Asks: 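Sharing a structure with you now.
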Amino acid sequence: MTALAMTSAPREREFGYRAEDHRAISTMVYDEVGILLPAEKAQLVYRRLAPRVRACNLATISEYIELIGRDERERKRMIDSLTTNHTSFFRESHHFEDFSERIWPGLVERLNNGGRVRLWSAACSSGEEPYTWLMSALGADRTAASKLLRKDFRVLATDISSEILAAAKRACYSEETLSKVPRPLRSSWIQEKDGVLQVDPVLRDAISFRSLNLLGKWPMKGKFDTIFCRNVMIYFDQPTKTKLQTRLADALEVGGMLYIGHSERLAPSLEDRFRCIGRTSYQKVAA
Ligand SMILES: C[S@@+](CC[C@H](N)C(=O)[O-])C[C@H]1O[C@@H](n2cnc3c(N)ncnc32)[C@H](O)[C@@H]1O
């Protein structure tokens with residue numbers, strides 16, 4: 001028995017989970033989506049994978065590893081089960097304030113003059129981030145907002161996890177989750193029907209939710225005016241962060257904003273292309 005299995009295998013484990021099993025899983029996950037799963041995460045990975053092994057009617061983790069090597073759908077399910085989707089409405093709210101106060105008025109003027117505006121919530125999880133973003137920019141005036149949303153304005157929200165994207169599209173949230181939404185915005189944008197609380201279709205229809213691996217190909221052609229890419233790079237190593245940040249920089253218009261998570265930093269090689277204008281808020285200054 002290896003050191004990993006000896007230190008982290010509780011007696012009640014249903015399947016054996018050896019250090020080499022963890023290495024095989026973590027290599028596959030790293031290669032596919034960039035998420036780091038060091039040996040300390042073995043117990044967590046086991047807990048999340050055991051239900052999948054059971055659901056596939058397999059007897060061992062080795063059989064499961066063999067399955068995900070050849071079955072893309074199950075590999076996707078495995079990745080779904082290993083992603084951390086923690087998020088909330090108005091999380092790190094200074095980003096939404098900065099965008100609404102400093103950036104949005106110029107974009108509204110552009111829209112009213114017939115120009116185009118493109119926003120991207122990259123790694124949007126269950127949707128709280130892009131819905132907060134739209135609500136806080138548009139404010140509580142539904143009629144004015146609906147008029148603006150009919151202009152050349154698109155919001156893209158992407159994530160790797162298809163399960164979490166389905167939840168984002170449904171946009172049904174609990175009372176507790178919605179408690180962070182200020183009253184006037186909540187009155188305008190959250191509907192209640194048969195005890196279910198759901199984001200208004202005007203906002204839901206304004207956002208295109210799409211499956212996208214940040215490490216894979218990006219089908220988007222045009223550039224974005226602002227990108228939120230928050231609390232996903234924490235799961236990546238430095239080369240992956242630098243590569244992703246370079247691609248995000250390339251995908252932004254000059255003058256566009258990049259907001260990243262509170263514990264994330266811009267790679268030194270990108271400092272010439274951005275100006276830090278506030279906490280984890282960067283404006284692209286050079287192509
Ligand atoms: C902790 S959530 C962050 C949600 C939101 N941005 C926020 O800050 O509240 C991280 C999200 O990143 C997604 N994710 C992880 N790796 C990814 C990848 N390679 N490509 C796209 N999304 C990824 C996960 O599925 C998860 O929903």
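Along the sequence shown, residues carry numbers from 1. Values in this document were obtained by computation on a predicted structure and should not be read as measured data. Excluded from the calculations below are hydrogen atoms, water molecules and symmetry mates; all remaining heavy atoms, backbone and side chain alike, are included. All ligand and atom numbering here is 1-based and tracks the order in the structure.
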Asks: Verify the distance criterion only: is there a donor paired with an acceptor across the side chains of Glu128 and Ser126 at less than 3.5 Å?
Replies: yes
Asks: Examine the side chains of His262 and Arg279 and answer whether a donor and an acceptor come within less than 3.5 Å of each other.
Replies: no
Asks: Determine the interplanar angle of the Trp120 and Trp218 rings, folded into 0 to 90°, and report it as parallel if under 30°, tilted if 30 to 60°, perpendicular if over 60°.
Replies: perpendicular
Asks: Which pairs of N or O atoms, one from ligand 1 and one from the protein, are separated by less than 3.5 Å, and what is the distance for each pair?
Replies:
| from | atom 1 | to | atom 2 | distance (Å) |
| --- | --- | --- | --- | --- |
| ligand 1 | 6 (N) | Ala123 | O | 2.8 |
| ligand 1 | 6 (N) | Glu129 | OE1 | 2.9 |
| ligand 1 | 6 (N) | Arg230 | O | 2.9 |
| ligand 1 | 8 (O) | Arg91 | NH1 | 3.3 |
| ligand 1 | 8 (O) | Arg230 | O | 3.2 |
| ligand 1 | 8 (O) | Asn231 | ND2 | 2.8 |
| ligand 1 | 9 (O) | Thr87 | OG1 | 2.6 |
| ligand 1 | 9 (O) | Arg91 | NH1 | 2.8 |
| ligand 1 | 19 (N) | Val33 | O | 3.0 |
| ligand 1 | 19 (N) | Asn213 | OD1 | 3.0 |
| ligand 1 | 20 (N) | Leu214 | N | 2.9 |
| ligand 1 | 22 (N) | Ile160 | N | 3.3 |
| ligand 1 | 25 (O) | Asn85 | ND2 | 3.3 |
| ligand 1 | 25 (O) | Asp159 | OD1 | 2.6 |
| ligand 1 | 27 (O) | Asn85 | ND2 | 3.0 |
| ligand 1 | 27 (O) | Asp159 | OD1 | 3.4 |
| ligand 1 | 27 (O) | Asp159 | OD2 | 2.7 |

Asks: Looking at the rings of Tyr17 and Tyr64, which for Trp means the six-membered one, are their centres under 6.0 Å apart?
Replies: no
Asks: Inspect the contact between Asp250 and Arg247 and indicate whether a charged nitrogen and a carboxylate oxygen are less than 4.0 angstrom apart.
Replies: no
Asks: Using modelled atom types and a 3.5 Å cut-off, is there a donor and acceptor pairing between side-chain atoms of Glu264 and backbone atoms of Val232?
Replies: yes
